[in-house]
K.L.:
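Attaching a single structure in structure tokens format; questions to follow.
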Amino acid sequence: MTLRLQDVTKKFGSFTAVNQLSLEIPERQIFGFLGANGAGKTTTFRMILGLIDQTRGDISWNNGNIGYGESHLIGYLPEERGLYPKMKVKDQLVYLAKLRGMKKAEALKELEQWLERFKVPEYKNKKVEELSKGNQQKIQFISAVLHKPKLLILDEPFSGLDPVNVEMLKEAVVDLKEAGTSIVFSSHRMEHVEELCESLCILHHGSPVVHGKLKEIKKSFGKKNIRIHADFDLSFLKDASGVMKYKPLSNGCELQIEREEIAQSIFEKLQGKGFVRTFDLEEPTLNDIFIEKVGAAYE
Ligand code: ATP
């Protein structure tokens, strides 16, 4: 069950929101979708779901169409959360699950398991409006996964959640992947994408600027980071050749270097200057890559 986007473009009037996007999202993978505000992530999700039509290009799933006819196989957590505030959690989730072809008894069983898992069994008979925003989000997540979709699209699933709930949802996402669901999620948090995704795409003004496997993206970026802790002033490294960025840390500094070999000459420059506590050569972070490709400071 591969989701494939080929040369997909979406225009709103003369404005191009998504520009010639080609992607492939294989089965049993978590695919990360990154981009600054307004980059075109939500628009892409809406096209995949058939909520809006693309202006050009093809979207296929397992070589067939994808749209309303497949909705029982798809789960979606939209960016604008929306549950019926006056309805009980149980009634609402069972109703939505039935729309996706589930039997009531089965939906209830699944629902109880999810509420247990998220440590909120007592919410079953509460009205949605009685829950906090973060807890409403957990309920909406359950509504996206209750019918065991094959393809799960999550628009900023972790935003607004406390750290305990973020971990709980992350674990659920990983388990769903292992059970065979293909998952696409957007996020502004690089560390979540680094932790969860094998592959990713960074959109910039509607165009893909980075796309591929996380490991290969890091490798081809070339630049590395060095983190040094020492008992003497390291600011002289700022001007060393091959040093692209210098960031002071307490008791040390972090450097971005042009390529791995520069680490050797930096190491030599430290000799005889004093006591060096740590010298770590590290892979670039996704944040480094994002900032370079998109050129924007990012939370
Ligand atoms: P965010 O991170 O802020 O959620 P995003 O990457 O999801 O952003 P989109 O919501 O896809 O961004 O929007 C992409 C661009 O398309 C934006 O400039 C937005 O204003 C524009 N856009 C989206 N929907 C419409 C619409 N229905 N009519 C006109 N322009 C639209």
Side-chain angles (χ1 to χ4, degrees), residues 3-25 30-61 66-68 74-83 133-134 136-138 140-141 143-144 151-161 165-166 169-170 173 182-197 199-212 214 217 285-299:
L3 177 68
R4 191 172 288 134
L5 278 68
Q6 282 169 304
D7 259 342
V8 171
T9 294
K10 177 68 190 177
K11 290 185 174 233
F12 293 107
S14 61
F15 175 74
T16 305
V18 176
N19 192 16
Q20 296 191 309
L21 177 63
S22 294
L23 293 178
E24 218 167 271
I25 296 163
I30 307 181
F31 189 93
F33 218 47
L34 301 170
N37 294 123
K41 303 179 293 292
T42 301
T43 303
T44 303
F45 290 161
R46 290 188 179 138
M47 290 190 285
I48 294 172
L49 293 159
L51 299 172
I52 55 172
D53 289 330
Q54 63 267 29
T55 310
R56 274 196 299 279
D58 287 312
I59 300 176
S60 65
W61 192 30
I66 175 167
Y68 288 120
I74 299 169
Y76 179 42
L77 177 71
E79 192 181 23
E80 310 83 28
R81 320 290 185 213
L83 294 166
K133 227 171 110 200
Q136 289 186 22
Q137 193 164 323
K138 281 201 287 198
Q140 194 154 4
F141 178 87
S143 89
L151 174 65
L152 179 61
I153 295 181
L154 304 169
D155 207 344
E156 311 238 6
F158 310 118
S159 70
L161 294 177
N165 281 327
V166 167
L169 245 68
K170 270 197 218 158
V173 167
S182 310
I183 300 165
V184 187
F185 83 94
S186 70
S187 180
H188 290 288
R189 299 293 297 270
M190 301 295 151
E191 72 275 23
H192 294 159
V193 178
E194 283 203 56
E195 190 184 330
L196 295 171
C197 301
S199 307
L200 62 97
C201 170
I202 301 179
L203 274 189
H204 186 43
H205 298 316
S207 299
V209 288
V210 174
H211 173 212
L214 178 61
I217 290 169
T285 63
L286 196 50
N287 204 50
D288 295 328
I289 297 170
F290 188 97
I291 287 172
E292 178 153 315
K293 301 291 179 186
V294 174
Y298 221 59
E299 181 211 1

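Quick caveat: nothing in here was measured; it's all calculated off a predicted structure. Atoms considered below: every heavy atom in the structure, side chains included; atoms not considered: hydrogens, waters and symmetry mates. All ligand and atom numbering here is 1-based and tracks the order in the structure.
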K.L.:
Quick one: which of Val184, Ile183, Leu154 gives a side-chain contact (heavy atoms from CB on, under 4.5 Å) with Ile30?
P.N.:
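Between Ile30 and the candidates, side-chain contact (heavy atoms from CB on, under 4.5 Å) is satisfied uniquely by Ile183.
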
K.L.:
State the atoms of ligand 1, each with its element, that fall below the 4.0 Å cut-off from a heavy-atom position in Thr43.
P.N.:
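Under 4.0 Å from Thr43, ligand 1 has these atoms: 9 (P), 11 (O), 13 (O), 14 (C), 23 (C).
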
K.L.:
Of all the non-hydrogen atoms in the protein, which one sits nearest to atom 20 (O) of ligand 1, and at what distance?
P.N.:
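Its nearest protein heavy-atom neighbour is Phe15 CE2, 5.0 Å.
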
K.L.:
Decide side chain to side chain contact (heavy atoms under 4.5 Å, CB included) for Phe33 and Thr44; before the verdict, give the C-alpha distance in whole Å, the side-chain angles of both, and the deciding distance to 0.1 Å.
P.N.:
CA-CA 10 Å; Phe33 218 47; Thr44 303; 3.7 Å; yes

K.L.:
Can you name the side-chain hydrogen bond (donor to acceptor under 3.5 Å, both in side chains) partners of Ser186, sequence neighbours left out?
P.N.:
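Listed in chain order: Asp155.
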
K.L.:
In ligand 1, which numbered atoms sit nearer than 4.0 Å to a non-hydrogen atom of Glu79?
P.N.:
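It comes down to these atoms of ligand 1: 4 (O).
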
K.L.:
Can you check whether Ala39 has an N/O within less than 3.5 Å of an N/O in ligand 1?
P.N.:
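It does: an N or O of Ala39 is found under 3.5 Å from an N or O of ligand 1.
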
K.L.:
Looking at Phe45, I'd like to know if the NZ or CZ of Lys41 sits under 6.0 Å from its six-membered ring centre while staying within 45 degrees of the ring's axis.
P.N.:
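Checked: cation-pi criterion not met.
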
K.L.:
Provide the number and element of each atom of ligand 1 under 4.0 Å from a heavy atom of His188.
P.N.:
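Those of ligand 1 that fall under 4.0 Å from His188 are 2 (O).
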
K.L.:
Closest by any non-hydrogen atom to atom 12 (O) of ligand 1: pick that one out of Gly13, Gly35, Gly40, Ser186.
P.N.:
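Considering heavy atoms of Gly13, Gly35, Gly40, Ser186, the nearest to atom 12 (O) of ligand 1 sits in Gly40.
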
K.L.:
Identify the closest protein heavy atom to atom 7 (O) of ligand 1: which residue and atom is it, and at what distance?
P.N.:
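Result: Thr42 OG1, 2.7 Å.
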
K.L.:
Mark whether atom 5 (P) of ligand 1 lies under 4.0 angstrom from at least one protein heavy atom.
P.N.:
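Yes.
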
K.L.:
So, using ring pair (Phe, Tyr, Trp, His ring centres under 6.0 Å) as the criterion, who are the partners of Tyr76 when residues are at least two apart?
P.N.:
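Listed in chain order: nothing, the list is empty.
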
K.L.:
Would you check whether Phe45 reaches within less than 4.0 Å of ligand 1, judged by its heavy atoms?
P.N.:
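Per 4.0 Å heavy-atom rule, Phe45 does not contact ligand 1.
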
K.L.:
Would you say Lys10 touches ligand 1, if touching means a heavy atom closer than 4.0 Å?
P.N.:
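False for this residue.
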
K.L.:
Please state which protein non-hydrogen atom is closest to atom 27 (N) of ligand 1 and give its distance, to 0.1 Å?
P.N.:
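Of every protein heavy atom, Phe12 CE2, 3.5 Å lies nearest to atom 27 (N) of ligand 1.
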
K.L.:
Could you walk me through whether Arg46 and Glu80 pass salt bridge (charged side-chain N to carboxylate O under 4.0 Å, His left out), step by step?
P.N.:
CA-CA 12 Å; Arg46 290 188 179 138; Glu80 310 83 28; 3.2 Å; yes

K.L.:
Do ligand 1 and Arg46 have nitrogen or oxygen atoms that lie under 3.5 Å from each other?
P.N.:
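For ligand 1, there is no N or O atom that lies under 3.5 Å from one belonging to Arg46.
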
K.L.:
Does the N or O separation between Thr44 and ligand 1 drop below 3.5 Å for any pair?
P.N.:
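No.
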
K.L.:
With heavy-atom distances below 4.0 Å as the criterion, list the atoms of ligand 1 near Asn37.
P.N.:
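Listed by number with element: 1 (P), 2 (O), 3 (O), 8 (O).
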
